[in-house]
Every structure is written in structure tokens, then in C-alpha cells.
Amino acid sequence: MATRRIGRSTVRFAAPPVIVSAGTVAGPMESRGPMARWFDEVVPDDMFGERSAEKAERRFMGDAVKIALTQAAVQPEQVDYFIAGDLLNQVITASFTAEDLGMPFIGVYGACSTSAQSLTVASALVDAGFADLALAATSSHYQTAERQFRYPIELNIQRKSTSQYTATGAGAVLVGRSGGKVKITEATVGRVIDMGTKDPNQMGPAMAPAAAETIFSHLADTGRDPGFYDVIITGDLGSVGSQILLELMQRRGVPLGDNYADGGVMLFQGVRGTGVGGSGCACSALIMDGFVWKRMCEGEIRRALIVATGALLSPLSWQQGESVPCIANAVTLQV
Amino acid sequence: MASPGAKKQKADDRAKYQKLASSIVPRPQLARNIAVAFVVGGLICALGQAVMNAFIASGMTGDEATAPTLATMILIGVVLTGLSVYHHIGEFAGAGAAVPITGFANTVAAAAMDFKREGYILGMGAKMFIIAGPVLVYGILAGVTVALIKWLSRG
């Protein structure tokens with residue numbers, strides 16, 4: 001009997017694990033946005049002095065992990081699991097970082113929902129007694145993501161009215177049994193939703209129904225209404241996608257109020273050349289592990305629902321004319 | 001698996017959602033994009049004409065001046081790509097930057113730069129025409145087709 005399940009998609013942790021520490025590293029575009037002051041490290045050169053963007057992305061993830069470990073004064077040998085993912089084929093950034101760290105490694109892929117997905121796995125392992133300390137990390141990089149999913153960086157392409165900008169950066173969270181103020185109390189694992197959006201420039205509209213589904217299930221499973229939370233933050237719907245989400249929730253009879261915000265919009269508000277907002281694994285990671293966690297430590301936010309949204313497309317699937325399967329994973333953080 | 005009824009329901013739901021989404025997705029700024037593409041594309045072509053005139057002024061015939069003019073424009077496109085300038089022109093001007101031969105040069109140079117890290121053979125050599133390739137394939141195909149029609153219709 002699964003005693004921690006409350007409803008179709010949500011678990012409530014028996015002894016809620018805590019965030020012991022978190023580290024965030026952001027690139028140059030991200031540091032121009034309003035969230036900049038919440039990041040632990042800002043790198044003015046998105047190549048990190050490396051010869052390839054892929055190597056640079058590894059440095060971002062490595063530094064985020066290092067910051068989290070240093071803050072908690074924890075040695076890599078003390079961490080039972082490293083749970084990480086990124087956007088690149090075969091989650092290669094996470095694998096190389098894991099090799100460096102030497103921790104037992106669980107590679108995960110949830111596209112841009114990986115931040116909440118990896119935190120869910122880490123929390124479950126700690127809560128169930130499989131680990132005392134588990135480290136969850138995610139990264140993305142504008143250049144590596146463009147190369148893999150879209151076009152060469154220097155190509156003359158005009159941004160579409162719904163284009164988003166992949167965040168460059170990484171976030172890492174150390175989850176443990178004690179030693180932190182912010183608890184992970186519930187997690188809602190999303191179902192894959194595909195409402196037929198085929199245009200890879202419309203990630204927000206593609207993901208909005210998945211976000212709506214997960215928020216709706218979470219609230220139904222927990223018996224809460226949106227007002228329970230100080231903030232409900234989606235990962236990277238962008239301004240267009242979040243507008244659609246608001247409309248969908250309205251139609252389902254659970255309107256979201258002023259406590260709703262989107263991480264993609266928050267990250268790049270007022271930054272030129274970023275389309276309708278940020279995207280990528282790092283987008284929700286930077287917001288959750290930077291802004292939200294720090295505001296919660298200060299006691300400014302007491303209850304947060306993080307809904308990390310992911311478009312699970314592959315470059316092949318959209319070229320073959322398939323629509324975009326999407327997911328949203330949610331975690332509840334409370335102090 | 002889904003029954004036929006459930007399949008139909010899903011298709012209906014998708015159609016309904018796409019209608020809702022497209023009512024919220026902002027329209028592309030067609031008028032602005034067309035006007036800017038026209039002006040910037042026109043300026044690039046005017047530059048090409050100036051280069052050609054210069055070659056003609058140096059004593060070439062119009063036919064002789066064509067090849068060095070194209071080569072000069074390609075060089076300009078490649079250099080601006082290497083300096084990371086051309087994609088900004090593309091972002092601003094859309095088709096105005098993509099259609100002239102400078103845009104074609106940009107697609108080759110951009111791919112070459114991007115894939116250099118994977119080596120000169122498997123990377124740059126293999127992937128250089130990843131964007132420009134289709135233009136060549138269908139450009140040549142169209143040329144052959146038109147030539148064939150012309151040849152057949154000689155009577």
C-alpha cells in the first residue's frame with residue numbers, strides 16, 4: 001500500500017525533506033534581467049572561457065553544484081545520489097558532471113521540467129530512507145540548445161511572435177533530512193499532454209495545457225485552492241503561454257490570481273532580444289533555486305508551488321511533422 | 001489503447017485548443033516585416049549594383065562583371081557572419097537579409113562556424129551545407145527543369 005500517495009498524481013512526503021542548500025550560476029543575458037541579484041554567480045562570458053559551448057554548459061552545472069556543496073559544507077563523498085539532467089542528447093552535461101563528482105548518478109530527462117522532476121526524485125529518495133543527502137541539478141545553455149534543436153547560432157533567422165530564449169545557467173539543490181528551513185512537502189508528477197501544437201516556435205502554447213493539467217490535479221489531490229499558495233510559478237511558458245494557461249484555468253473553473261507568475265517572464269523581463277520570455281531547464285532552475293528558495297529562507301514567501309513545464313520534443317519528431325508532447329511537474333515548497 | 005470514440009474526442013479537443021491558442025498567439029507584424037524586408041533587401045541589392053558598376057567602370061563588360069560582383073557580395077556576407085553581425089541584420093530584416101546572395105553566404109558560413117568544433121571533416125565539412133544544401137538541390141532541379149522545358153519547346 002503506497003501510504004504517501006494522495007490522489008491520482010500527487011505524493012505527500014511522510015517526513016518532508018528539506019533544501020539544505022542551493023547554488024545558481026547564470027549567464028550574461030540572465031544577469032541583465034530583474035532576477036540577477038538572486039543568483040550566486042553571474043558569468044559575463046557564456047563560453048566560460050571554454051572552446052565549446054557544451055564544455056561551457058558543464059562548467060555552469062559544475063559551479064552550481066560546487067556552490068551548493070560549499071554552502072552546506074558537504075563533501076561529495078557524503079552525498080548518496082546525484083540526480084541531474086539537461087537538454088542535450090543523452091543528458092551528456094549531467095553525465096560528465098557526475099563523472100567529475102563521483103557520486104552515484106541517476107540521469108533524468110524532463111526537458112525544461114527537469115528541475116522539478118529531479119527535485120521530486122531526490123525528495124522521494126530522502127523521504128523513503130534511501131539517502132541522507134541527494135543532490136539535484138539541471139542546466140541549459142542558449143548555444144547548445146540552439147545547435148541541437150534549431151539552427152546555427154549565426155544564421156539570419158527572424159524571431160517569431162512566440163519565440164522564447166533558452167536560458168544559460170544551472171541550478172543545484174542539496175536535499176536532506178534536516179538542516180534547512182524550506183521543506184518539500186508534496187510533489188505532483190505530470191501526465192504527458194499533447195494538444196496538437198506542431199510549431200517548435202510555439203513552446204508556450206504547446207506546454208500551457210500540460211501546466212493546466214498538473215496544477216488542476218495538484219489542487220484536486222491536495223484539496224487546496226490556488227489562494228493557499230503565496231506564489232504559483234510555472235517554469236517557462238513565456239508571456240503568450242502563461243496567458244493561455246490563465247484562460248485554461250479560468251475555463252476549468254479554477255482561476256489563478258495575482259499569486260501566479262511565469263519563470264520565463266520573470267527571468268527576462270525588460271531584456272531585449274529574448275522574445276516572449278526564457279525557456280530551458282535553467283529557466284525554472286534559476287527561478288526556483290535562486291529567487292524562490294532565497295525568498296523562502298528570508299520568510300518572504302511561505303508556500304510556493306513550482307510547476308516546471310517541459311516540451312518533450314526531439315529534433316527528429318518535429319521534422320517528421322509530429323506534434324509536441326508536453327509535461328509539467330510540480331513541487332510544493334513550504335517553510 | 002484509445003477506442004475510436006475516444007480518438008474522435010481527442011481530435012475534437014485538440015482542434016478546440018488550437019483555436020483557443022491561435023486566438024491568443026499574437027499575429028506576426030506582417031506590414032512591418034514586409035516593409036523592412038523590402039527596404040533592407042533593396043539596400044543590399046543597391047550595394048551589389050554599386051559593386052557591379054565599379055567593376056564595369058574598371059573596364060569590364062556587364063557579363064564579365066557578374067562573377068566578381070557575386071564573389072564580392074558573398075565575401076561581405078561571410079565576413080559579416082564571422083564578425084557576428086549578419087544574424088542581427090537577419091533578426092531585424094527577415095527575408096530582406098535572407099534572400100540576397102549575402103544571406104545564402106551567411107547560411108554556409110554560420111553552419112561552418114557552428115560545426116567546426118566537431119572537426120573539419122565530420123563537423124565543418126559534412127555539415128557546412130546543412131541549411132544551404134536544400135537551396136542548391138532544388139535550385140539545380142528547378143534550373144534543369146526549366147532548361148528541359150525550353151529545350152523541348154524549341155519545336
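Residue numbers begin at 1 in each chain, while the letters A, B, ... track the order of the sequences. Values below: all heavy atoms of this structure, side chains included; hydrogens, waters and symmetry mates excluded.
Top candidate by heavy-atom pairs under 4.5 Å with chain B, chosen from Glu146(A), Gln243(A), Arg147(A), is Arg147(A). Each of Pro28(B), Ala93(B), Gly90(B) has some count of heavy-atom pairs under 4.5 Å with chain A, and the biggest count is that of Gly90(B). Contact tally against chain A (heavy-atom pairs below 4.5 Å) for Asn33(B), Asn106(B), Val85(B): the top residue is Asn106(B). Chain A forms more heavy-atom pairs under 4.5 Å with one residue of Thr81(B), Ile130(B), Val25(B), Ile89(B) than with any other, namely Val25(B).
In this structure, chain B has no heavy atom under 4.5 Å from any part of Glu54(A). Heavy atoms closer than 4.5 Å to chain B are found nowhere in Ser239(A), neither backbone nor side chain. Contact annotation for Thr162(A): only side-chain heavy atoms (C-beta onward) come within less than 4.5 Å of a heavy atom of chain B. Residue Ala15(B): no heavy atom, backbone or side chain, is found under 4.5 Å from chain A. Interface remark: Arg251(A) contributes side-chain atoms only to the contact with chain B (heavy atom separation under 4.5 Å). For Ile157(A), the part lying near chain B is the backbone, with the side chain staying farther off; criterion is any non-hydrogen pair under 4.5 Å.
More than 12 heavy atoms of other shown residues, nucleotides or ligands fall within 6.0 angstrom of atom CG in Leu83(B). At most 12 heavy atoms of other shown residues, nucleotides or ligands fall within 6.0 angstrom of atom CZ in Arg272(A). Enclosure of atom CZ in Arg8(A) is not indicated, since only 12 or fewer non-hydrogen atoms of other residues, nucleotides or ligands lie within 6.0 angstrom. Around the CG atom of Asp12(B), the shell of radius 6.0 Å holds more than 12 heavy atoms that belong to other residues, nucleotides or ligands. Atom CZ of Arg252(A) is surrounded by more than 12 heavy atoms from other residues, nucleotides or ligands within 6.0 Å. Annotation for Gln148(A): atom CD counts as buried by contact number, over 12 foreign heavy atoms lying within 6.0 Å. Atom OH of Tyr151(A) has 12 or fewer neighbouring heavy atoms from other residues, nucleotides or ligands inside a 6.0 Å radius. Counting heavy-atom neighbours within 6.0 Å of Ile121(B) CD1, excluding the residue itself, gives a total of 12 or less.
Minimum heavy-atom separation, Ala110(B) to Pro152(A): O-CB, 3.7 Å.
Looking only at side-chain heavy atoms (C-beta outward), Glu247(A) and Ser23(B) stay at 4.5 Å or farther from each other. Taking the side chain as every heavy atom from C-beta outward, Gln143(A) and Asp114(B) never approach each other to under 4.5 Å. Thr102(B) has its side chain out of reach of Asn156(A): every pair of non-hydrogen atoms, C-beta onward, lies at least 4.5 Å apart.
Looking only at distances, a side-chain donor or acceptor of Arg14(B) sits under 3.5 Å from a matching main-chain atom of Asp194(A). At distances below 3.5 Å, at least one donor-acceptor pair connects side-chain atoms of Gln158(A) with backbone N or O atoms of Glu91(B).
By a heavy-atom distance cut of under 4.5 Å, Ala208(A), Pro209(A) are the residues of residues 208-221 of chain A near chain B, going up by number.
Going from atom OH of Tyr17(B) over to atom CD1 of Ile244(A) covers 4.0 Å, rounded to the nearest 0.5 Å. Considering CE of Met195(A) and NZ of Lys10(B), their distance stands at 9.0 Å, rounded to 0.5 Å. Distance CD/Gln202(A) to CD/Gln18(B): 7.5 Å, rounded to 0.5 Å.
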